[in-house]
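Below: one structure, written as structure tokens.
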Amino acid sequence: MTPKITDFGLSRYFNENQSRAITKNMSGTLGYMAPEFHSGDIYTITYKSDIYSLGVVIIEMLTGKKWYPAYPDVDDVLQSWRNKLGKSPEDTQLKQIRLCTELGIMCIDGNQANRPDTSHIINRLGETGNTCIVAGVSSLIIPQVERTLENMEDATNNLLLNDGTEKNVILGLGAAKNACAVQECLNDTPHVITVESGPSMSTEELNLQEALRFIKDDPVGVIGIWGPGGVGKTHLLKNIKNSLDGDVTFNYVVQVTASRGCSVEKIQIHIARQLDLNQDGNMESQSRVIFDFLKKRNFLILLDDLWDQIDLQAVGLPYPLGSVNQIKRKVVLTTRSRKICGQMEVRKEFKVTCLREDEAWQLFKDKVGNETLSYSPHIGTLARELAKEMKGLPLALITIGRAMYAKFDTIEWEYAIQHMKRSCCDNDDPLDMERVVFSQVKFSFDSLRNNTLRKCFLTCALWPEDNNISKEELARCWIGLGLVDERDIQSSYTKAYSLMGDLSAACLLDGCGKLYDSVKMHDVVRDMALWISCGCGKNNGKWFAYGGVAQDEKFSIPWSQVECVSLVNNYLSELPPVGTNPRHMRMLCLRNNRLNESMIAKEVKKFTSLTYLDLSFNHLREIPKELCSLANLEHLDLSHNYYIKEVPRHFGNLIKLKFLYLEGTIIQRLPEGVISSLQALQVIDFKIQVGDDLFPRMLQELGTLSHLKAVGIYVLFFPQYELFLRESSKLAIRYLNLHILTTCSLDPSAIHDFTRGTLHELEIEMCDIKEIILGHKLAGPTCCFGTLSRLILTALSDLREITWMGTSPASLFPRLAYLMVGGCGKLNDLSWAIYLPCLEQLIIVACDLMQQAFTRHLGDDKFSEQDNVKTFPCLKYLNISKCRSLVSIGDPNVTFPSLERLELGYSRELKSLPFKMDSLPRRLQLLEIDVKSWERLDLDGVKSFLQPRLKLY
């Protein structure tokens with residue numbers, strides 16, 4: 001490895017009578033500055049601050065990014081370099097890379113005291129036989145350098161910061177002399193080094209600095225950030241929010257996504273939710289509530305993706321904006337149109353520009369991958385040409401770069417360049433720019449491997465802009481449309497999740513949700529999907545998707561042309577008039593509105609070609625008989641219409657129906673023969689409390705359906721129905737909810753007899769059981785729990801123990817990914833969960849007797865085969881709350897190698913976390929905890945690691 005030296009220092013000229021200065025002006029490059037520079041706490045700036053910057057540089061050289069506030073995994077970095085260099089782990093160069101990674105992590109410790117000094121760094125570098133570095137700074141010089149640096153630290157220790165504002169201490173003549181002494185020491189020893197300038201500020205950092213400068217400019221009330229779609233405006237807004245996290249300037253920083261068709265009411269809802277204010281649905285009274293809360297507080301509203309003028313006073317924001325009587329009231333908005341900045345009375349604005357050529361090339365390289373680019377010199381040349389054609393637009397560089405991954409044929413690269421040249425635009429007209437972006441990003445769409453994946457992608461645009469899309473909901477949609485159709489339902493869901501992974505890998509979908517259970521479309525990608533669906537600019541009107549509609553907003557739908565209509569998540573109590581016969585209609589999504597049965601009865605009979613209908617989360621009190629005339633219907637979702645009590649006799653006419661969802665209704669009457677008439681039925685979700693006479697007959701009729709792949713049922717008073725369930729053992733039960741069991745102990749072997757290895761989710765709630773017995777009979781290849789992914793135990797107030805007899809958690813629950821235990825007030829611990837091999841999400845709520853959640857009993861006969869197994873190997877999300885006796889999460893033997901998000905709250909006895917310096921959860925991104933619990937914790941030296949990831953409430 002070639003030794004390098006990087007200069008990241010700042011200097012200031014003093015006169016002969018000045019030896020120090022205290023300033024509020026924070027100087028330096030964000031990302032490289034130590035956290036003490038901008039933490040707001042009282043800190044003395046020492047040479048350890050420069051050690052931090054050195055660590056950032058080392059880590060960035062090795063991994064290509066700064067990582068703050070997380071740390072890279074040493075093994076991951078080593079594996080990446082091993083693949084790149086093609087060398088064995090014992091190679092000297094790989095040992096040097098491991099050492100440098102470890103040193104970099106030590107250097108960027110949030111606590112100054114934990115950062116190494118220079119002698120430690122130099123000594124460690126000598127461990128791998130790096131003679132260049134050792135010869136460059138001899139052991140005779142190290143003590144002199146150290147003594148000089150110690151003198152510099154002593155000089156800074158005499159300075160006191162008297163308040164908590166952001167300040168830098170700049171040392172004067174004395175420190176300058178010491179710095180010269182250090183330089184002289186180094187000059188006395190002959191050595192050869194390569195000198196490089198420090199990193200220049202990137203476009204992203206320049207934009208952030210500019211925005212923060214405007215925000216802190218007191219007279220400015222409204223700041224506008226504008227630029228084309230896909231240039232990084234939303235990303236900039238997130239960076240602003242992250243930069244101000246913990247900043248004392250504002251009491252509240254609220255981020256709202258406006259999107260197309262935004263209204264005052266929508267913004268009010270988002271602000272009220274984030275500020276935890278009462279909501280009454282009335283615009284004027286909600287405005288008063290918001291105004292009264294904010295009028296004496298410092299606030300910053302981040303308003304993303306604004307398309308139209310919005311009256312901020314009508315929203316409830318106190319005016320005038322800016323700085324009034326030492327109260328800061330600021331709004332930052334982003335928009336694609338500069339005209340909106342004028343309409344919103346923006347006082348400071350700037351355009352987010354595309355990346356510089358060198359930055360664009362680096363981003364493109366990262367997405368394509370070194371293996372592809374180094375395959376041949378010609379591909380490297382073509383790749384540079386292709387990157388230039390995208391004019392520095394980040395979204396295009398990311399999606400197309402990902403599409404070109406592992407493309408080793410030069411013809412494919414030449415075709416991509418031709419495609420980009422055809423889509424180029426030489427003017428700044430927003431409409432032309434939009435067309436260009438769509439044409440460029442469409443290349444990624446065209447590069448998807450088959451038509452099924454392309455159709456799956458297009459359906460994602462039916463969800464409203466900027467909405468999180470539940471993975472399960474999306475999979476259900478694809479299955480209902482026939483885009484995914486495997487032999488059994490579990491295989492269909494697995495295939496659907498795999499397709500989502502393909503779309504995410506192509507950067508056409510983003511993962512989101514704190515439980516990692518959702519995806520999201522970039523707004524430009526969604527617009528492109530609708531553009532493609534409507535004929536790539538021909539406006540053929542085949543697809544119509546409209547979300548965020550205000551109650552009084554009027555709009556029309558081209559019913560005679562349209563094939564797909566989505567009006568999801570609105571406040572609609574009626575549909576736009578359906579004039580002509582909508583003969584092309586195939587899909588109608590009306591989820592989460594206020595439609596009643598009379599409105600549906602009036603219009604739905606006209607949709608004779610309809611195959612897919614989603615009416616979930618509406619206000620239907622009955623199923624209209626007109627709906628039963630839709631002879632082509634294959635997918636029908638009536639779930640969560642809470643007042644539906646009866647299924648009409650004519651429902652049996654839906655002979656093509658394959659997928660039926662009735663969860664969240666209160667159906668008590670179901671005419672005999674209706675279910676058995678639905679011979680095409682593949683999936684029925686019937687998780688409702690049915691009457692005593694209906695349940696046995698329902699099971700019997702379900703047993704006559706030869707194509708049935710999945711059933712969801714709710715079992716009330718389980719012992720009473722156990723016989724019926726055993727007799728229905730051929731049913732492919734996917735969701736099972738057991739309610740009000742009166743037995744003292746539950747032996748799940750009873751479940752084993754009738755679920756036959758199809759069970760995906762099991763919920764046991766409100767039961768009197770004191771013990772759950774898991775015996776050896778349940779283990780083995782035919783175990784019903786072999787496919788179980790979700791296990792929920794709630795309101796089991798007498799449950800004391802889960803007993804394991806002759807089996808282990810790993811063998812019984814090999815695929816369990818989600819475990820929720822709540823309201824089990826007498827349960828002492830959940831130690832068995834630490835050995836679950838696929839567990840990703842764990843939630844423990846209101847287990848009042850639990851003092852320590854997890855204990856690892858090494859050598860214990862019950863789990864002795866697990867002694868050498870990592871604990872929680874896949875756990876990403878852990879939530880423990882309202883456990884009144886909880887003192888500790890777990891003992892030091894319990895580790896969390898994959899943990900990314902930890903939420904703790906309202907456990908008044910909690911005193912410690914199971915983290916030590918040698919077992920830190922290096923992948924942790926967020927620790928969310930209530931203030932009192934945080935102040936009470938004994939963190940034993942790991943506080944500096946946790947603090948940058950901390951979110952208090």
Side-chain angles (χ1 to χ4, degrees), residues 1-8 31-32 34 47-143 145-146 149 182 186 189 191-196 198-199 370 895 897 915-924 941-942 944-945 948:
M1 296 174 71
T2 304
K4 295 178 171 62
I5 203 164
T6 303
D7 174 25
F8 36 75
Y32 296 91
Y47 76 95
K48 289 289 186 78
S49 304
D50 281 348
I51 293 292
Y52 177 92
S53 303
L54 173 65
V56 176
V57 173
I58 292 172
I59 294 298
E60 190 172 16
M61 288 169 65
L62 290 170
T63 67
K65 59 181 180 178
K66 302 181 186 69
W67 282 89
Y68 180 82
Y71 297 102
D73 183 87
V74 177
D75 292 332
D76 290 347
V77 175
L78 201 65
Q79 186 62 44
S80 175
W81 278 95
R82 183 182 174 187
N83 293 340
K84 180 178 180 180
L85 299 174
K87 296 184 177 182
S88 73
E90 300 305 313
D91 183 82
T92 301
Q93 197 168 7
L94 285 174
K95 289 181 179 179
Q96 292 171 348
I97 290 169
R98 174 183 284 278
L99 175 60
C100 287
T101 308
E102 292 171 351
L103 282 172
I105 291 171
M106 292 172 66
C107 290
I108 61 174
D109 197 296
N111 188 341
Q112 285 185 358
N114 293 337
R115 295 174 203 155
D117 52 33
T118 51
S119 63
H120 178 84
I121 294 172
I122 294 169
N123 288 334
R124 287 293 309 275
L125 288 173
E127 291 175 7
T128 60
N130 192 337
T131 53
C132 284
I133 296 175
V134 175
V137 184
S138 74
S139 59
L140 294 173
I141 287 299
I142 292 170
V145 175
E146 281 301 300
L149 291 171
V182 173
L186 293 173
T189 305
H191 55 287
V192 179
I193 59 172
T194 302
V195 179
E196 295 181 354
N370 187 62
T895 58
F915 304 146
K916 301 296 180 185
M917 288 303 296
D918 59 348
S919 61
L920 291 172
R922 293 290 183 183
R923 297 185 182 180
L924 188 69
V942 300
S944 61
F945 170 81

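The analysis underlying the following values was restricted to heavy atoms, covering all of them including side chains, and did not include hydrogens, waters or symmetry mates.
The main-chain N or O of I59 is found under 3.5 Å from a side-chain atom of T63 such that the two form a donor-acceptor pair.
Using a 4.5 Å heavy-atom threshold, the side chains of L94 and R98 count as separate.
The two residues G55 and I108 have their closest heavy-atom pair at C-CG2, 3.6 Å. Among all heavy-atom pairs drawn from Y32 and S53, the shortest one is O-OG, 2.7 Å.
Qualifying side chain to side chain donor-acceptor pair (under 3.5 Å) partners for S944, counting only residues two or more places apart in sequence or in other chains: D109, N114. Partners of I58 according to the side chain to side chain contact (heavy atoms under 4.5 Å, CB included) rule, which considers only residues two or more places apart in sequence or in another chain, are L54, L62, C100.
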**Request:** Applying side chain to side chain contact (heavy atoms under 4.5 Å, CB included), run through I121 and C107 and close with a yes or a no.
**Result:** CA-CA 9 Å; I121 294 172; C107 290; 4.0 Å; yes
**Request:** In sequence, state the C-alpha distance, the side-chain angles, and the governing distance for V942 and K916, and then conclude on side chain to side chain contact (heavy atoms under 4.5 Å, CB included).
**Result:** CA-CA 7 Å; V942 300; K916 301 296 180 185; 5.5 Å; no
**Asked** What's the verdict on side chain to side chain contact (heavy atoms under 4.5 Å, CB included) for I97 and L78, showing C-alpha distance, side-chain angles and the deciding distance?
**Response** CA-CA 7 Å; I97 290 169; L78 201 65; 4.3 Å; yes
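For the atom pair F945 CZ and L924 CG, the distance stands at 5.5 Å (nearest 0.5 Å). To the nearest 0.5 Å, the span separating CG on D50 from CZ on R115 amounts to 10.0 Å. To the nearest 0.5 Å, the span separating CD1 on I51 from CE on M106 amounts to 10.5 Å.
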